Protein chains: 2
Amino acid sequence: MNKGVTEPEAMESGTRTSTQASTVYDRLQDDILTGQLKPGRKLRLKDLIEEYNTGNSPLREALNRLSANGMVVREENSGFRVSPANTEELMELTRTRCWLEEIALRESIAHGDVAWEERIVLAFHWLNREAQSKVDNVKHTSSEWEDHHAEFHETLISACNSNILIDFCAQLAKRTLRYRNLVEVMEYRYRHEMEEHRDLQQAVLDRNADLAVELLTKHYTVTSEIVLTSGRFD
Amino acid sequence: MNKGVTEPEAMESGTRTSTQASTVYDRLQDDILTGQLKPGRKLRLKDLIEEYNTGNSPLREALNRLSANGMVVREENSGFRVSPANTEELMELTRTRCWLEEIALRESIAHGDVAWEERIVLAFHWLNREAQSKVDNVKHTSSEWEDHHAEFHETLISACNSNILIDFCAQLAKRTLRYRNLVEVMEYRYRHEMEEHRDLQQAVLDRNADLAVELLTKHYTVTSEIVLTSGRFD
DNA sequence: ATTGCAAGTTTTATCGAATATATTCATAAC
DNA sequence: GTTATGAATATATTCGATAAAACTTGCAAT
């Protein structure tokens with residue numbers, strides 16, 4: 001509109017240094033993960049441009065990034081859709097996640113230093129606290145708890161000495177989270193997760209790798225099974 | 001221009017059903033993997049538009065996809081560059097690759113069926129044949145051998161029952177290949193790779209998981225070390 | 001010399017329009 | 001009824017131009 005004057009002007013939300021493609025990427029990913037955008041749903045460019053109040057190019061760039069991460073599938077010459085969800089994929093995700101996190105956890109336990117232990121203690125503390133406020137019926141967005149939960153699990157494997165592996169695990173965690181958010185019933189969360197996390201943390205701090213791996217694997221497997229029986233996808 | 005008649009017209013290369021963004025994606029990836037585009041190199045849009053004879057949008061879409069795969073790094077508001085290469089990353093890649101392929105190989109050996117065995121035999125045959133023609137000084141593009149090589153390793157782990165894991169391994173393979181292509185001296189290939197592949201194949205067909213894993217791990221580790229001592233990155 | 005600033009230049013990111021491709025719908029032939 | 005055909009419509013992809021941001025350069029002050 002104006003060239004020389006670069007009016008700072010009311011900019012939606014103070015997205016200073018970030019690019020538009022990146023913010024719409026974040027929002028899209030978030031909406032997919034939280035289940036706002038349902039699996040398999042066609043992503044019509046025109047609609048998204050309206051919905052996310054952005055332009056053609058940034059939107060397409062975001063979608064292209066998401067497609068490389070498996071969040072979205074690209075259909076050559078006919079646009080994009082949210083990657084479909086099905087039982088088989090959740091099982092595959094869980095299986096693979098157990099394999100990868102086992103390695104990452106063992107390596108972390110073998111090489112983690114004191115600072116790593118401290119980060120675990122802190123992450124557990126925050127998770128616990130959040131869980132407590134949930135029990136006490138304090139208003140909390142479920143996403144806050146999810147953030148702390150993700151943070152806790154990330155911290156456990158953060159000393160594995162491979163950022164690539166950490167990144168893979170993060171991808172698996174995200175894609176799994178989507179399934180959890182697809183089942184409406186939230187009951188499944190009120191099982192013994194607090195105890196599970198406590199025991200897991202203890203085993204890790206004790207450097208008891210075998211036990212820790214067993215607990216972690218069971219944690220993921222049980223969650224997956226609950227989700228599988230609670231929800232119908234595909 | 002014309003609608004009903006779809007004039008074929010001189011179209012660069014017969015890109016029928018594929019989109020322009022995808023073809024430039026393939027070419028870019030190829031040029032990065034083969035080392036035509038050196039690590040860390042700035043990717044100026046204007047230059048690439050010329051070089052790849054394409055437009056702004058498809059190019060940016062391709063770059064965005066590549067950035068999600070770690071082939072290219074995005075620098076918010078200042079474009080793209082080829083991901084830098086350094087000793088540490090190669091070591092991390094190799095380490096991670098050994099971990100992941102160990103799992104994938106063990107699973108494949110545990111669950112692979114007869115068809116899988118046949119695919120291995122075939123893949124090995126083609127690789128061997130290609131290697132032979134190399135020894136005989138028959139003209140061969142190095143990429144042909146690389147294709148067969150990749151195919152062989154992919155086949156070994158193809159029965160692991162997790163496409164996600166297979167995909168991760170493929171990513172690691174690609175990113176490792178780039179380092180191999182960075183060292184000009186090709187001598188490193190003329191070691192006992194043929195024997196290594198033969199022994200590996202044998203162990204796999206014998207369903208001797210421990211031996212197979214040992215051979216595979218050594219194969220990757222040795223290659224990595226040779227590359228590390230032959231080339232200087234970072 | 002070094003730092004700070006401001007115009008000018010280059011490069012990136014985004015927009016709006018044009019083109020190519022897919023999809024739908026109606027009609028006709030079997 | 002089912003399949004084939006072709007216009008009409010919708011949608012995706014790409015182009016060319018504009019705006020925004022980063023980077024450079026030159027000059028002035030310390």
Side-chain angles (χ1 to χ4, degrees), chain A residues 1-28 37 40-68 72-83, chain B residues 1-28 37 40-68 72-83:
Chain A
M1 231 167 226
N2 46 10
K3 185 196 220 151
V5 193
T6 319
E7 196 65 276
E9 238 250 292
M11 200 182 194
E12 188 62 23
S13 47
T15 334
R16 272 306 294 115
T17 147
S18 184
T19 169
Q20 196 170 158
S22 289
T23 55
V24 57
Y25 171 89
D26 289 337
R27 290 184 55 197
L28 272 170
L37 290 171
R41 165 169 163 182
K42 185 78 213 282
L43 295 170
R44 259 189 216 82
L45 284 295
K46 196 159 66 74
D47 299 348
L48 297 189
I49 286 172
E50 283 248 319
E51 175 72 21
Y52 292 89
N53 190 42
T54 183
N56 193 330
S57 323
L59 175 60
R60 289 186 60 86
E61 292 187 15
L63 288 169
N64 272 285
R65 280 184 221 168
L66 287 165
S67 78
V72 150
V73 297
R74 225 172 2 115
E75 285 160 345
E76 211 68 33
N77 276 322
S78 44
F80 304 84
R81 62 178 65 240
V82 179
S83 333
Chain B
M1 230 168 227
N2 45 12
K3 188 193 219 155
V5 193
T6 319
E7 195 62 276
E9 236 247 296
M11 199 183 196
E12 188 62 26
S13 46
T15 334
R16 273 304 293 114
T17 150
S18 184
T19 168
Q20 196 167 159
S22 289
T23 56
V24 57
Y25 171 87
D26 288 337
R27 289 184 55 196
L28 271 170
L37 290 171
R41 163 166 164 185
K42 186 77 213 284
L43 294 170
R44 264 195 209 80
L45 303 206
K46 197 158 65 75
D47 298 349
L48 296 190
I49 286 172
E50 283 249 319
E51 175 72 21
Y52 292 88
N53 188 43
T54 183
N56 192 333
S57 322
L59 175 61
R60 289 185 62 87
E61 292 185 16
L63 287 169
N64 272 285
R65 280 183 221 169
L66 287 166
S67 78
V72 151
V73 297
R74 225 172 2 111
E75 286 159 346
E76 216 59 44
N77 276 323
S78 45
F80 304 85
R81 64 178 63 241
V82 179
S83 331

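Here is how names work: the chains are called A, B, and so on, in the same order as the sequence lines, proteins then strands, and each is numbered from 1. This is a predicted model, so every value here is computed, not measured.
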Measuring from L59(A):CG to N53(A):CG, what's the distance to the nearest 0.5 Å? 11.5 Å

Straight-line distance of L63(A) CG to E61(A) CD, nearest 0.5 Å: 10.5 Å

Show me the protein contacts with nucleotides 10-14 of chain C, counting only N or O atoms at under 3.5 Å.
from: dT11(C); atom 1: OP1; to: R44(B); atom 2: NE; distance (Å): 3.3
from: dT12(C); atom 1: OP1; to: K42(B); atom 2: NZ; distance (Å): 3.1
from: dT12(C); atom 1: OP2; to: L45(B); atom 2: N; distance (Å): 3.1
from: dT12(C); atom 1: O3'; to: G79(B); atom 2: N; distance (Å): 3.3
from: dA13(C); atom 1: OP1; to: N77(B); atom 2: N; distance (Å): 3.1
from: dA13(C); atom 1: OP2; to: R60(B); atom 2: NH1; distance (Å): 2.5
from: dA13(C); atom 1: OP2; to: R60(B); atom 2: NH2; distance (Å): 3.0
from: dA13(C); atom 1: O5'; to: R60(B); atom 2: NH2; distance (Å): 3.4
from: dA13(C); atom 1: O3'; to: T19(A); atom 2: OG1; distance (Å): 3.1
from: dT14(C); atom 1: OP1; to: T19(A); atom 2: OG1; distance (Å): 2.9
from: dT14(C); atom 1: OP1; to: Q20(A); atom 2: N; distance (Å): 2.5
from: dT14(C); atom 1: OP2; to: T19(A); atom 2: OG1; distance (Å): 3.1
from: dT14(C); atom 1: O4; to: N56(B); atom 2: ND2; distance (Å): 3.1

Whole-Å gap separating C1' (dG16(D)) and CD1 (I49(B)): 11 Å

So, the side chain of S67(B) versus the backbone of V73(B): is there a donor-acceptor pair under 3.5 Å, distance only? no

Mind running side chain to side chain contact (heavy atoms under 4.5 Å, CB included) on Q20(B) and S57(B) for me, showing each step along the way? CA-CA 10 Å; Q20(B) 196 167 159; S57(B) 322; over 6 Å; no

Could you pull out every donor-acceptor pair under 3.5 Å between side chains of residues 42-52 of chain B and any protein atom, sequence neighbours left out?
from: K42(B); atom 1: NZ; to: S78(B); atom 2: O; distance (Å): 3.2
from: Y52(B); atom 1: OH; to: D31(B); atom 2: OD2; distance (Å): 2.6

Tell me the interatomic distance from L59(B), atom CG, to dC15(D), atom P, rounded to whole angstroms. 11 Å

